[in-house]
Amino acid sequence: MRILGIETSCDETAAAVLEAEGSGTLRLLSNVVASSVDLHAAYGGVVPEIAARSHLEYINPVIDKALSDANTSWDQINFIAVAKGPGLGGSLLVGVLTARTLAILHNKPLFGINHVEAHPYAAFLEYKLKFPLLALIVSGGHSHLVLFENHLNYKVLGQTLDDAVGEAFDKVAKILGLPYPGGPNIEKAAEEGDASRYAFPKARLKNPYDFSFSGLKTAVLRAAQQEIGEDHSFPSYQIAKRLNQRQRHDIAASFQAAALTALSDVLEKAYSEFFPKSVVVAGGVAANRPLRGILDKSLETSIVYPDIKLCTDNGAMIAARAAYKIAAGVKPESPYTLEATPDLKM
Ligand code: KG4
Ligand code: ZN
């Protein structure tokens with residue numbers, strides 16, 4: 001069977017064609033991603049209205065390219081899967097309405113997919129994974145620790161109580177004057193920095209599997225204000241131009257070390273409690289190489305990471321999640337009523 005996967009929950013307009021064989025083997029035939037990230041860079045973060053408008057412009061060409069790259073006609077598509085939430089309302093709406101229209105027009109069964117659930121499924125494209133499966137899903141919008149018993153049943157062990165870890169990378173980057181998206185730029189700046197220069201605090205939480213990154217972000221802001229000899233009332237957007245390169249690198253390195261240690265401590269604790277057969281770390285922040293280094297050292301099992309280009313948002317993970325739901329007997333949703341759900345929970 002061939003599945004067209006569509007993803008528009010944030011600033012990437014994406015579509016992919018996936019071939020799922022009876023044996024459970026997945027073969028990615030195409031994966032097209034058009035990002036509006038450059039349009040948002042000037043504002044230091046995603047502007048929802050700009051993202052939605054850009055999805056409108058790109059969605060049809062992106063889907064056409066996914067089909068043609070896969071050498072696939074509409075007759076050969078068996079299912080359509082679309083990210084229905086969580087995400088930005090206007091952005092989700094473009095993907096969901098496009099998928100609904102195409103499902104009606106071409107008479108294809110339609111599946112609405114939870115975007116967060118789909119992130120770890122990027123790993124199934126390359127690896128045979130076993131259950132129970134422990135997934136750490138870390139991106140700009142989510143930080144979730146999830147234990148999957150099988151493809152249909154899972155338990156959310158913990159999640160962020162405030163900012164997602166990627167969001168913290170993006171906000172710290174903004175304080176340091178590094179361009180959006182912050183994650184890759186913090187990673188680069190940190191290579192030159194001294195991670196022991198600042199001792200940033202670690203959140204202590206009731207549920208040991210939850211995360212919190214807003215205190216860390218505030219600690220970075222205070223350290224930066226102190227470095228330039230100002231107090232807590234000094235506006236964050238004026239700090240960057242007064243920091244020198246060394247201060248910028250050291251703050252980036254110290255922040256990154258604190259954020260990654262928080263993730264690694266939680267994953268290590270969950271691993272030793274639940275002894276999963278597979279561990280997947282997915283989502284945009286999983287592209288961070290030092291994170292991979294720290295996690296690989298902390299667990300006695302090998303951790304699976306999706307291919308770097310499948311860590312950030314894409315249509316392939318949406319199609320892969322749908323493939324296993326379909327194989328497990330989940331029924332399609334009506335193309336007349338499927339709704340975009342910005343606050344969809346796992
Ligand atoms: O999964 P994703 O594309 O979108 C969401 O679903 O949020 O993740 C984007 C997030 C951004 O916050 C970005 O700064 C972060 O992933 N990110 C990284 C890296 N690459 C992307 N964070 C740390 N290190 C990276 N190399
Ligand atoms: Zn995502």
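For ligands, and for the atoms within them, numbers begin at 1 and follow the listed sequence.
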Compute the shortest N/O to N/O distance between [X] and ligand 1 and return yes if it is under 3.5 Å, no if not.
X: T312; result: no
X: F169; result: no
X: P181; result: no

Legend entry - Matching residue for H142 among V116, V285, V165, T160 - test: side-chain contact (heavy atoms from CB on, under 4.5 Å):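 It is V116; the other options fail the test.
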Quick check on contacts: which atoms of ligand 1 are under 4.0 angstrom from a heavy atom of [X]?
X: G141; result: 7 (O)
X: H119; result: 1 (O), 6 (O)
X: G166; result: 12 (O)
X: E187; result: 24 (N), 25 (C), 26 (N)
X: H115; result: 6 (O)

Inset, instruction - With Y209 as reference, evaluate H144, E273, Q159 under the side chain to side chain donor-acceptor pair (under 3.5 Å) test and give the passing residue. - result: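 Single pass found, and it is E273.
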Legend entry - Among T312, D313, N114, side chain to side chain donor-acceptor pair (under 3.5 Å) partner for H119: D313
Legend entry - Same cluster (ILVMFWY, side-chain, under 4.5 Å), V281 and F274: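 Yes, it is one cluster - the side chains of V281 and F274 are joined through contacts under 4.5 Å.
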Inset, instruction - Output the atom name for the N/O/S atom of D313 with the smallest distance to the Zn ion (ligand 2). - result: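 Among the N, O or S atoms of D313, the one closest to the Zn ion (ligand 2) is OD1.
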Inset, instruction - Just give me the atom name: the N, O or S atom of H119 closest to the Zn ion (ligand 2). - result: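 Result: NE2.
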Inset, instruction - Could you tell me which non-hydrogen atom of V280 sits nearest to which non-hydrogen atom of A123, and how far apart they are? - result: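 Taking every non-hydrogen atom into account, CG1-CB, 3.8 Å.
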Which residue and atom name correspond to the protein heavy atom nearest [atom], and how close is it?
atom: atom 24 (N) of ligand 1; result: N288 ND2, 3.0 Å
atom: atom 9 (C) of ligand 1; result: G140 N, 3.7 Å
atom: atom 21 (C) of ligand 1; result: G284 O, 3.3 Å
atom: atom 5 (C) of ligand 1; result: S139 OG, 3.4 Å
atom: atom 13 (C) of ligand 1; result: D170 OD1, 3.8 Å
atom: atom 18 (C) of ligand 1; result: G183 CA, 3.5 Å

Inset, instruction - Indicate if the distance from the Zn ion (ligand 2) to the nearest N, O or S atom of H115 falls below 2.8 Å. - result: yes
Legend entry - Point-to-point distance, once rounded to the nearest 0.5 Å, from OG of S278 to CZ of F148: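 Here the interatomic distance stands at 12.0 Å.
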Legend entry - More than 12 heavy atoms from other groups under 6.0 Å of CD on E230: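 Atom CD in E230 is packed in, count exceeds 12.
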Inset, instruction - Could you tell me if any non-hydrogen atom of Q256 lies under 4.0 Å from any atom of ligand 1? - result: no
Inset, instruction - Could you establish whether P184 and ligand 1 come within less than 4.0 Å of each other, counting only heavy atoms on the residue side? - result: yes
Inset, instruction - Please work out whether any backbone atom (N, CA, C, O) or any side-chain heavy atom from C-beta onward of D313 is under 4.0 Å from ligand 1, and answer side chain, backbone, both or neither. - result: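 It is both backbone and side chain that touch ligand 1.
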Inset, instruction - For ligand 1, note which part of R289 has a heavy atom under 4.0 Å away: side chain, backbone, both or neither. - result: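 Within the 4.0 Å criterion, R289 makes no contact with ligand 1.
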Legend entry - T8 side-chain N/O to G95 backbone N/O, donor-acceptor pair under 3.5 Å: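 Side chain of T8 to backbone of G95: a pair is present.
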Legend entry - Any donor-acceptor N/O pair, N314 side chain to L310 backbone, under 3.5 Å: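 Answer holds: yes.
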Inset, instruction - Decide whether a cation-pi geometry holds between R242 and F234; the criteria are a distance under 6.0 Å from NZ or CZ to the six-membered ring centre and an angle within 45° of the ring axis. - result: yes
Legend entry - Aromatic contact, F255 with F169 (centres under 6.0 Å):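 Centroid separation for F255 and F169: below 6.0 Å.
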Legend entry - Pair H151 + F131: ring centers closer than 6.0 Å: yes
Inset, instruction - Scan for ring pair (Phe, Tyr, Trp, His ring centres under 6.0 Å) pairs involving residues 35-75, sequence neighbours excluded, and state none if there are none. - result: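 Pairs touching residues 35-75 that pass the test: W74-H106.
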